[in-house]
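Order of listing sets the numbers, starting from 1, for every ligand and every atom in it. Just so you know, these numbers use all the heavy atoms, side chains as well, and skip hydrogens, waters and symmetry mates.
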Amino acid sequence: MEIITDVKTMRQKVAEARHDGKTVGLVPTMGYLHEGHLALIDAARTQTDVVVVSDFVNPMQFGPTEDYQVYPRDLDHDAKLCEEHGVEYVFAPTVEQMYPKDSRQVDVFVDVRNLDNNLCGRFRPGHFRGVVTVVSKLFNIVRPDKAFFGMKDIQQLRIIEEMVRDLNMDIDIVPVPTVREPSGLALSSRNTYLTKEEHEKAAAIYKSLQMAKQLIEEKGIRSVSEIVKACSTYLAEKGFKVQYFQIVDYDTLQLMQETKGKIIIATAVFLGKVRLIDNLVMEVQ
Ligand code: AMP
């Protein structure tokens with residue numbers, strides 16, 4: 001396994017692989033790898049010949065008051081896990097390699113509309129512009145046959161699926177289910193910010209999503225406002241500051257009044273200063 005820090009070498013390595021008739025899988029990450037990322041890597045390992053894991057904390061997707069500077073980083077640990085999971089290349093570029101101009105000064109970027117009106121997009125202006133821009137850059141550098149994204153970040157996954165369609169990118173986007181702790185808490189690099197007590201408490205996030213599912217499936221409730229109210233109240237009572245609890249249509253990511261068809265139930269909460277997200281996808285008859 002090799003760690004590559006510059007764009008030119010990365011391009012050469014994947015060109016060689018492609019020349020040898022090999023397929024290339026890309027797993028974009030911001031590093032500080034955990035079992036969730038490893039599920040993506042393992043999927044890439046079984047579906048493509050050469051696996052590239054990008055490990056880059058992208059400044060462009062962080063808001064001015066967000067945690068870019070303190071976001072956890074540990075390339076040695078990441079490289080070790082990648083090696084154990086059969087990755088060929090860890091692409092860990094410098095910010096200067098990815099953004100020859102300052103990331104806040106770029107004149108040309110990729111952007112999103114409508115799909116970022118709700119969920120995280122509503123509360124993180126410019127976040128998805130940063131995500132789709134950096135993912136486009138990574139796609140241009142690595143030119144993967146397949147790219148693997150976690151359902152943990154469902155809005156990101158849906159936007160990238162639409163991006164490859166809208167921009168005619170010849171890349172298969174492979175969704176990978178969310179990996180959870182036994183308590184139900186979705187694994188996240190940001191979980192490291194939590195105290196032991198907060199960590200235990202955080203299991204209630206997934207419980208709130210399951211509660212919504214039960215209200216729909218078992219109680220037959222269809223009114224989104226009723227479901228949202230019950231679940232937000234539950235989270236608030238548990239001590240979370242609820243940024244949003246929303247139910248949106250899976251395809252359009254738009255809010256709905258009545259649950260119907262394929263839906264995403266999603267929430268973002270603060271536990272102290274830590275912001276955590278989770279979601280559940282279900283089909284309503
Ligand atoms: P991040 O490093 O947080 O940007 O995540 C990189 C990729 O890993 C994204 O596609 C995430 O959706 C995915 N991911 C993060 N946490 C999980 C998880 N618990 N289960 C599955 N995928 C995950």
(request) Can you sort out the partners of Asp251 under side chain to side chain donor-acceptor pair (under 3.5 Å), two or more places apart, ordered by chain and number? (result) none
(request) Please identify each residue that fulfils side chain to side chain donor-acceptor pair (under 3.5 Å) with Lys146, with sequence neighbours left out. (result) Gln47
(request) Run the numbers on Val27 and Ser54 for side chain to side chain contact (heavy atoms under 4.5 Å, CB included), then give the verdict. (result) CA-CA 6 Å; Val27 180; Ser54 64; over 6 Å; no
(request) For ligand 1, would you mind listing the residues that have at least one heavy atom less than 4.0 Å away, ordered by chain and number? (result) Pro28, Thr29, Met30, His34, Gly36, His37, Leu40, Tyr71, Phe149, Gly150, Lys152, Asp153, Gln156, Pro177, Thr178, Val179, Leu187
(request) Would you please name every residue forming a side chain to side chain contact (heavy atoms under 4.5 Å, CB included) with Ala79, sequence neighbours left out? (result) Met1, Ile3
(message) We want to know whether Tyr206 and Asn279 form a side-chain donor-acceptor pair, criterion being a heavy-atom distance below 3.5 angstrom.
(response) no
(message) Would you say Asn191 and His199 are linked by a side-chain donor-acceptor pair, where the criterion is simply a distance under 3.5 Å?
(response) no
